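Input: a single structure, listed below in structure tokens.
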Amino acid sequence: DGGITQSPKYLFRKEGQNVTLSCEQNLNHDAMYWYRQDPGQGLRLIYYSQIVNDFQKGDIAEGYSVSREKKESFPLTVTSAQKNPTAFYLCASSIERGNEQFFGPGTRLTVL
Amino acid sequence: SQKIEQNSEALNIQEGKTATLTCNYTNYSPAYLQWYRQDPGRGPVFLLLIRENEKEKRKERLKVTFDTTLKQSLFHITASQPADSATYLCALVISGYALNFGKGTSLLVTP
């Protein structure tokens, strides 16, 4: 089955630690995205990538970093510089501009 | 600044009725507008896309309208069912491949 996988589903980390969230897709999509969702807030774009080895900052990129070494993979690192990292993180992909986005199941990160 | 507004209050309707959700936007000229469904603790699922030159789009019990003069989209679910209960998000395509999402409206359909 084609789709997007994110792992793990739940993640706990101590304050001050960096953590990397995994996102893999086998849909052969060029574009991939990371969003953050907080209670009562919509999805906010962190980073997106239109092609391998290229990515752009979204609205709330501070304290996050990404890489896009392979078409299938777009990992997100939440660094210790991110002031409020506890949130629900969603990865998505799309085949081209303006088309529907396919979302993964999400990773809920809790920083203790 | 650019804004997308969806009703923050939950919409409660009776099974069989038509649910109508609103998405208003300001300071945008979107080429596309999309609607997604999100269930608690899960990722959004795409429902419908409508382009700026389309007035209306239908898919089974779903209908979306797009009025670029009013800067508004309406999302209708006819013959609603309890299984339609979820949060519905509207999203505008802004630049490149990225979407800008509204905060969503929660729909509850009671038997």
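Sequence lines set the chain letters: A, B, ... in the order given, protein chains first and strands last, and positions in each chain run from 1. Just so we're clear, the structure is a prediction, and the values are computed from it rather than from any experiment.
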Quiz item: Closest approach of A:Phe88 and B:Arg42, non-hydrogen atoms and distance?
Solution: CE2-O, 3.9 Å
Self-check item: Side chains of A:Gln37 and B:Gln38, donor plus acceptor under 3.5 Å
Solution: yes
Quiz item: Is the number of heavy atoms from other residues, nucleotides or ligands within 6.0 Å of CD (A:Glu62) greater than 12?
Solution: no
Quiz item: In terms of hydrophobic clusters joined by side-chain contacts under 4.5 Å, are A:Ile60 and A:Met32 together?
Solution: yes
Quiz item: Of the backbone (N, CA, C, O) and the side chain (C-beta and beyond), which part of A:Gln56 lies under 4.5 Å from a heavy atom of chain B, both, or neither?
Solution: neither
Practice problem: Indicate if B:Val64 and B:Leu11 have the same hydrophobic cluster label, given that clusters are the connected sets of ILVMFWY residues with side-chain heavy-atom separations under 4.5 angstrom. | Solution: yes
Quiz item: Around atom CG of B:Leu108, are there more than 12 heavy atoms of other residues, nucleotides or ligands at under 6.0 Å?
Solution: yes
Quiz item: Where does A:Leu90 contact chain B at under 4.5 Å (heavy atoms): side chain, backbone, both or neither?
Solution: side chain
Quiz item: Hey, any chance A:Leu21 and A:Phe102 share a hydrophobic cluster, counting ILVMFWY side chains that come within less than 4.5 Å of each other, even indirectly?
Solution: no
Quiz item: Any idea which heavy atoms bring B:Leu49 and A:Asn99 closest together, and the distance?
Solution: CD1-CA, 4.2 Å
Quiz item: Can you list the steps and then say if A:Tyr35 with B:Phe101 is a side-chain contact (heavy atoms from CB on, under 4.5 Å)?
Solution: CA-CA 10 Å; A:Tyr35 295 92; B:Phe101 282 85; 3.8 Å; yes
Self-check item: Cluster link A:Leu76 to A:Leu43, ILVMFWY, side chain under 4.5 Å
Solution: no
Quiz item: Hey, quick one: are B:Leu92 and B:Trp35 part of the same hydrophobic cluster, counting side-chain heavy atoms closer than 4.5 Å, chains of contacts allowed?
Solution: yes
Self-check item: Chi angles and distances behind the side-chain contact (heavy atoms from CB on, under 4.5 Å) call for A:Leu45, B:Leu99
Solution: CA-CA 8 Å; A:Leu45 183 66; B:Leu99 290 174; over 6 Å; no
Self-check item: Proximal to chain B - members of residues 105-112 of chain A, heavy-atom separation under 4.5 Å
Solution: A:Pro105, A:Arg108
Quiz item: Would you say A:Lys14 has more than 12 foreign heavy atoms packed within less than 6.0 Å of its NZ?
Solution: no
Quiz prompt | Main-chain N/O of A:Gln101 paired to B:Tyr36 side chain as donor or acceptor, under 3.5 Å | solution = yes
